[in-house]
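Here, residue 1 is the first one in the sequence, and each next residue gets the next number.
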Amino acid sequence: MAEHFREDNVAAVGVRLDAEHPDGMIFDPHQPQLRVTDLGVVRGDGIFETMHVLDGHVRKYDAHLERLRRSARMLELGIPPESAWRAAVELGLEEYRARGGVPEELMVRLTATRGVDGEPASDDPEYAGTYWALLTPAPDWAKADQAKQFSVTLLDRGFDADVAERAPWLLLGAKTLSYAINMASKRWAEAHGHDDVIFHTTDGQLLEGPNSTVLLVNRRGEGETPQVVTPVLEAGVLPGTTQGAVFAGAARAGWDLGYGPLTPQQLFDADHVFLAASVRGVVPVWRVDETEMAVDDEITEALRGFLAEDLPVSHPGE
């Protein structure tokens, strides 16, 4: 099985899912795989999830698979069942074991597209598109991000807080392949001396980062438990798996939890600001635009500890 790959632990492992291989089929990700007419490529018509594997254990597995299903429902996109995705990831991990061992940290990206327009891959709607899992050792930038403090800029996302309910076809809150705006915003931030972005609506509600969730922590009075707050989902925020895991640990530790609506002023007034994402984990924000924010190592480690517990994730209304 390993003959298609270099015999080391730095090569990526690809696993394709289709009706003939519902448990996955290893492919060489360094060779062409997609047709140029695949709608995931030409229109961004698809969804994805990125998961973190630490010491061979997939973190927040259930939450990621549920969010994949949620995105698929929003796009009316048929995808393989959960068992197939799990089998594909396990096949990828087994490939690493056959080559000498699973790296300490891996990124796993699950991708589903609508496939080629007018040419379904199968009569079975669960396998009519194009589906694969890509396992990659955590890149250097991801490891560097885990250890740094972030400077962020606030950017207008270009819609108001009610648009997600008013215009569901905009797919706000789905994790789609259409990430051009997200990437453009990060380039804008970097060109203006920042590491990342926090979006807000045109009418002044905080949203999220291009690929992260926002957490605000308030210490409050002496003897009181801290509070951790995140923007409300109804404004079009993607349900954060990392945020959900942190909240689960924080709730068990007795912290108070809060869910938006939040304004930029509440961000500036917060004791501490954090970004949370699957591979990056929880990272502190030291500057928002030109305003310096307090960074506290004790609070940072507490949030990372909550995440490390890997508790079941839930969000309001679920």
Side-chain angles (χ1 to χ4, degrees), residues 1-5 11-53 58-99 102 106-136 168-180 238-239 241 278 318:
M1 183 184 297
E3 64 270 21
H4 297 297
F5 303 92
V13 171
V15 184
R16 188 181 183 93
L17 286 166
D18 56 41
E20 296 182 359
H21 306 91
D23 293 330
M25 176 185 68
I26 294 288
F27 68 85
D28 185 346
H30 303 96
Q31 299 299 319
Q33 302 294 330
L34 287 177
R35 291 173 59 178
V36 296
T37 50
D38 192 291
L39 292 173
V41 176
V42 298
R43 293 183 180 171
D45 194 359
I47 58 177
F48 75 101
E49 281 291 324
T50 302
M51 306 187 294
H52 185 211
V53 179
V58 182
R59 312 295 299 275
K60 303 179 267 85
Y61 213 161
D62 293 342
H64 280 289
L65 290 175
E66 172 53 37
R67 196 167 67 179
L68 187 75
R69 290 192 296 270
R70 177 180 181 273
S71 296
R73 289 192 298 269
M74 294 177 71
L75 270 71
E76 301 181 32
L77 178 68
I79 62 171
E82 178 180 319
S83 59
W85 292 107
R86 289 183 182 273
V89 173
E90 180 54 38
L91 184 60
L93 293 174
E94 186 57 38
E95 175 68 14
Y96 273 112
R97 296 185 189 104
R99 296 199 270 135
V102 179
L106 281 172
M107 293 172 57
V108 177
R109 182 180 170 111
L110 309 179
T111 304
T113 85
R114 206 172 297 276
V116 177
D117 193 14
E119 298 181 40
S122 169
D123 292 333
D124 183 345
E126 291 188 332
Y127 290 95
T130 307
Y131 316 99
W132 72 92
L134 182 66
L135 292 77
T136 312
W169 53 87
L170 295 181
L171 301 177
L172 301 180
K175 197 170 180 68
T176 74
L177 295 175
S178 302
Y179 255 51
L238 183 75
T241 60
S278 289
E318 293 184 344

Legend entry - Cation-pi check, Arg109 onto Phe48 ring (under 6.0 Å, within 45° of axis):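 Here Arg109 passes the 6.0 Å and 45° test against Phe48.
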
Legend entry - Cation-aromatic face contact Arg16/Tyr131, 6.0 Å, 45 degrees: no

I need the minimum non-hydrogen distance between [X] and [Y], along with the two atoms involved.
{"X": "Thr136", "Y": "Ala12", "answer": "OG1-CB, 3.9 Å"}
{"X": "Leu17", "Y": "Gly24", "answer": "CD2-N, 3.6 Å"}
{"X": "Pro80", "Y": "Trp85", "answer": "O-NE1, 3.2 Å"}
{"X": "Ser71", "Y": "Ile47", "answer": "CB-CG2, 3.7 Å"}
{"X": "Ala174", "Y": "Arg70", "answer": "N-NH1, 4.3 Å"}
{"X": "Ala112", "Y": "Ile79", "answer": "CB-CG2, 3.8 Å"}

Legend entry - All side-chain hydrogen bond (donor to acceptor under 3.5 Å, both in side chains) counterparts of Arg43, not counting sequence neighbours: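 By the side-chain hydrogen bond (donor to acceptor under 3.5 Å, both in side chains) rule, Arg43 matches no residue at all.
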
Legend entry - Qualifying residues under side-chain hydrogen bond (donor to acceptor under 3.5 Å, both in side chains), relative to Asp45, sequence neighbours excluded: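 Residues passing side-chain hydrogen bond (donor to acceptor under 3.5 Å, both in side chains) with Asp45: Arg114.
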
Once rounded to the nearest 0.5 Å, what's the spacing between atom [atom1] of [X] and atom [atom2] of [Y]?
{"X": "Leu34", "Y": "Thr111", "atom1": "CG", "atom2": "OG1", "value": "9.0 Å"}
{"X": "Asp18", "Y": "Asp124", "atom1": "CG", "atom2": "CG", "value": "11.0 Å"}
{"X": "Leu106", "Y": "Arg59", "atom1": "CG", "atom2": "CZ", "value": "13.0 Å"}
{"X": "Leu172", "Y": "Trp169", "atom1": "CG", "atom2": "CH2", "value": "11.0 Å"}
{"X": "Gln33", "Y": "Asp38", "atom1": "CD", "atom2": "CG", "value": "12.0 Å"}
{"X": "Ser178", "Y": "Leu171", "atom1": "OG", "atom2": "CG", "value": "8.0 Å"}

Hey, does the side chain of [X] reach the backbone of [Y] with a donor-acceptor pair shorter than 3.5 angstrom?
{"X": "Glu76", "Y": "Met74", "answer": "no"}
{"X": "Tyr96", "Y": "Leu135", "answer": "yes"}
{"X": "Thr113", "Y": "Gly46", "answer": "no"}
{"X": "Trp132", "Y": "Gly14", "answer": "no"}
{"X": "Glu95", "Y": "Val15", "answer": "no"}

Inset, instruction - Under the side-chain contact (heavy atoms from CB on, under 4.5 Å) rule, what do Thr37 and Asp117 come out as? Steps first, then yes or no, please. - result: CA-CA 7 Å; Thr37 50; Asp117 193 14; over 6 Å; no

Below 4.5 Å, heavy atoms only, C-beta onward: do [X] and [Y] meet side chain to side chain?
{"X": "Val89", "Y": "Met51", "result": "yes"}
{"X": "Arg69", "Y": "Glu82", "result": "yes"}
{"X": "Leu91", "Y": "Ile26", "result": "yes"}

Inset, instruction - Mind running side-chain contact (heavy atoms from CB on, under 4.5 Å) on Glu119 and Arg35 for me, showing each step along the way? - result: CA-CA 11 Å; Glu119 298 181 40; Arg35 291 173 59 178; 3.2 Å; yes

Legend entry - Glu94/Arg99 under salt bridge (charged side-chain N to carboxylate O under 4.0 Å, His left out): CA gap, chis, key distance, verdict: CA-CA 9 Å; Glu94 186 57 38; Arg99 296 199 270 135; over 6 Å; no

Legend entry - Salt bridge present between Arg73 and Glu66 (N-O < 4.0 angstrom): yes

Legend entry - Electrostatic pair Asp62:Arg86 at N-O distance under 4.0 angstrom: yes

Legend entry - Pair Glu49-Lys175, salt bridge (charged side-chain N to carboxylate O under 4.0 Å, His left out): steps then yes or no: CA-CA 7 Å; Glu49 281 291 324; Lys175 197 170 180 68; 5.7 Å; no

Inset, instruction - Starting from the C-alpha separation in whole Å, work towards a yes-or-no answer on side-chain contact (heavy atoms from CB on, under 4.5 Å) for Val58 and Val108. - result: CA-CA 9 Å; Val58 182; Val108 177; 5.5 Å; no

Inset, instruction - Check the side chains of Ser278 and His64 for a donor-acceptor pair under 3.5 angstrom, ignoring hydrogens and angles. - result: yes

